[in-house]
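Remarks on the structure that follows.
Computed over heavy atoms, backbone and side chain alike; hydrogens, waters and symmetry mates excluded. Below, chains carry the letters A, B, ... as their sequence lines are ordered, and counting in each starts from 1. Every value quoted in this text rests on a predicted model; they were computed, and no experiment measured them.
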2 protein chains.
Amino acid sequence: MKKQKSELTGICRLQVQGVKDTQDLLSGKWKTVIIAALYNNGKFRFMDLGRHIEGIAPKVLSKELKDLEMNQLVKRTVMDTMPVTVEYELTPHGKSLNKVVEAMGEWGIKYRKSILKK
Amino acid sequence: MKKQKSELTGICRLQVQGVKDTQDLLSGKWKTVIIAALYNNGKFRFMDLGRHIEGIAPKVLSKELKDLEMNQLVKRTVMDTMPVTVEYELTPHGKSLNKVVEAMGEWGIKYRKSILKK
DNA sequence: GAAACTACTTACCAATAGGTAACAGTTATA
DNA sequence: TATAACTGTTACCTATTGGTAAGTAGTTTC
């Protein structure tokens, strides 16, 4: 599409850009769900997280966690236990997504209720 | 992954499920951005929306708008003008995503600032 | 010594998302 | 008359996403 004048104010553009940035970081089917699970639980080991999020394959979980770690939203800690366990938790940066998680969670719950009514 | 006991409370599960539901409805690269643009602007004609959202192709915009319309988040109105123009706007249901849009926008703005500092 | 649990990885495959470019049908404008 | 603007559609292609199934490697339990 050709560029042309836009009547939007700078503040609006900023918010739209913000949404886009957030969206890009949380791309894919699972990242927000993983973050929500960690947000609720604090910590999770790999397998527990995988069991908690129904339908996710280890390969996918592993890849998503790596992405989130790369963007410093999730911290990975290898525990000094036998056998080795690994803990995943949100970084402060990841925790700062609380409003996003809460808003999405709340909206989804209401949405589901409104569907069931019909 | 095999199912096993989960120690999470029902409320947590509910929130995670809510996030998942919302995520599924807003899947893809563009839906949240489109909603944010409509949320800020109120109404948009097809081309204006396409021009406002940098990088989106008409085909993709068309498809995303249809998806959103199908889920009753966006309303499409053909105007009685010559040549025909079409207006897109959020439905009340779409507007109820305000907290999600605001949280994502705000977080993205902060995120961008924190990147620039480094 | 075999099975099971930990945390993944690897190979393979299919569906989808998303992009480009061109075109269609209508109407107004120069 | 031809050009441009409106709202899309169509054909085509590629990269990514996400899924299955199996395997790897270390440790512990039966």
Dump every N/O contact between nucleotides 16-19 of chain D and the protein below 3.5 Å, one line per pair.
| unit_1 | atom_1 | unit_2 | atom_2 | d |
| --- | --- | --- | --- | --- |
| D/dG18 | OP1 | A/K29 | N | 2.7 |
| D/dG19 | OP1 | A/K29 | NZ | 2.6 |
| D/dG19 | OP2 | A/W30 | NE1 | 3.3 |
| D/dG19 | N7 | A/K59 | NZ | 3.3 |
| D/dG19 | O6 | A/K59 | NZ | 2.1 |

Roughly, in whole Å, what's the span from OH in A/Y88 to P in C/dA7?
8 Å
Scan for ring-ring contact (aromatic ring centres under 6.0 Å, His included) pairs involving residues 96-118 of chain B, sequence neighbours excluded, and state none if there are none.
A/H93-B/W107, A/H93-B/Y111, B/W107-B/Y111
Rounded interatomic separation in angstrom, taking CD from B/E69 and C1' from D/dT7:
13 Å
Distance from B/L14 atom CG to A/R112 atom CZ, nearest 0.5 Å?
8.5 Å
Nearest to the side chain of B/R45, which nucleotide is it out of C/dC8, D/dG8, D/dT7?
D/dT7
Start with the C-alpha distance between A/L49 and A/F46, add both sets of side-chain angles, then the distance that settles side-chain contact (heavy atoms from CB on, under 4.5 Å), and finish with yes or no.
CA-CA 5 Å; A/L49 188 51; A/F46 185 81; 6.0 Å; no
Does any pair with a residue in residues 93-102 of chain A pass salt bridge (charged side-chain N to carboxylate O under 4.0 Å, His left out), and if so which ones, sequence neighbours excluded?
A/K99-B/E106
Rounded to whole Å, the CG-P distance (B/L61 to D/dG8) equals 9 Å
Looking only at side-chain N and O atoms, does B/T81 come under 4.0 Å of OP1 or OP2 in D/dC6?
no
Atom CG of B/L65 and atom C1' of D/dT9: how far apart are they, to the nearest Å?
14 Å
Side chain proximity check, B/L38 to B/I34, heavy atoms < 4.5 angstrom:
yes
Output the residues of residues 71-78 of chain A in contact with DNA chain C, where contact means a heavy atom of the residue under 4.0 Å from an atom of the strand; sort by number or write none.
A/R76
Rounded to whole Å, how long is the line connecting atom CZ of B/F44 with atom P of D/dG8?
15 Å
I need a per-nucleotide contact map over nucleotides 24-29 of chain C, read 5' to 3'. Cutoff is protein heavy atoms under 4.0 Å; write B for the base, S for backbone only, - otherwise.
---SS-
Using whole Å, what does the distance between atom C1' of nucleotide D/dT7 and atom CD of B/E87 come to?
14 Å
Rounded to the nearest Å, what distance is computed from the CG atom of residue B/L26 to the C1' atom of nucleotide C/dA17?
16 Å
With the side chain defined as heavy atoms from C-beta on, B/M47 is closest, among D/dT7, D/dT9, C/dA7, to D/dT7
Whole-Å distance separating the CD atom of B/Q23 from the P atom of C/dA17:
13 Å
D/dC6 phosphate, OP1 or OP2: any side-chain N/O from B/R51 under 4.0 angstrom?
yes
Report yes or no: does B/T22 contribute a side-chain atom to a donor-acceptor pair with the main-chain N or O of A/G108 at less than 3.5 Å?
yes
Could you tell me whether a side-chain N or O of B/N71 sits under 3.5 Å from a main-chain N or O of B/L73, the two making a donor and an acceptor?
no
Between A/Q72 and A/T91, do the side chains contain a donor N or O and an acceptor N or O under 3.5 Å apart?
no
Presence of A/K66 side-chain N/O under 4.0 Å of C/dT9 phosphate oxygens OP1/OP2:
yes
Considering only residues two or more places apart or on different chains, which pairs with a residue in residues 30-41 of chain B satisfy salt bridge (charged side-chain N to carboxylate O under 4.0 Å, His left out)?
B/K31-B/E64, B/K31-B/D67
With side-chain contact (heavy atoms from CB on, under 4.5 Å) as the criterion, how do A/Q15 and B/V101 come out once you've worked through the C-alpha distance, each side chain's angles and the decisive distance to 0.1 Å?
CA-CA 8 Å; A/Q15 194 187 43; B/V101 170; 4.3 Å; yes
Distance-only donor-acceptor check, side chains A/T77 and A/E87, under 3.5 Å:
no
With a cut-off of less than 4.0 Å, is there a side-chain N or O of B/S62 near OP1 or OP2 of D/dT7?
no
Donor-acceptor pair, distance only, cut-off 3.5 Å: does the side chain of B/N40 make one with the backbone of B/A36?
yes
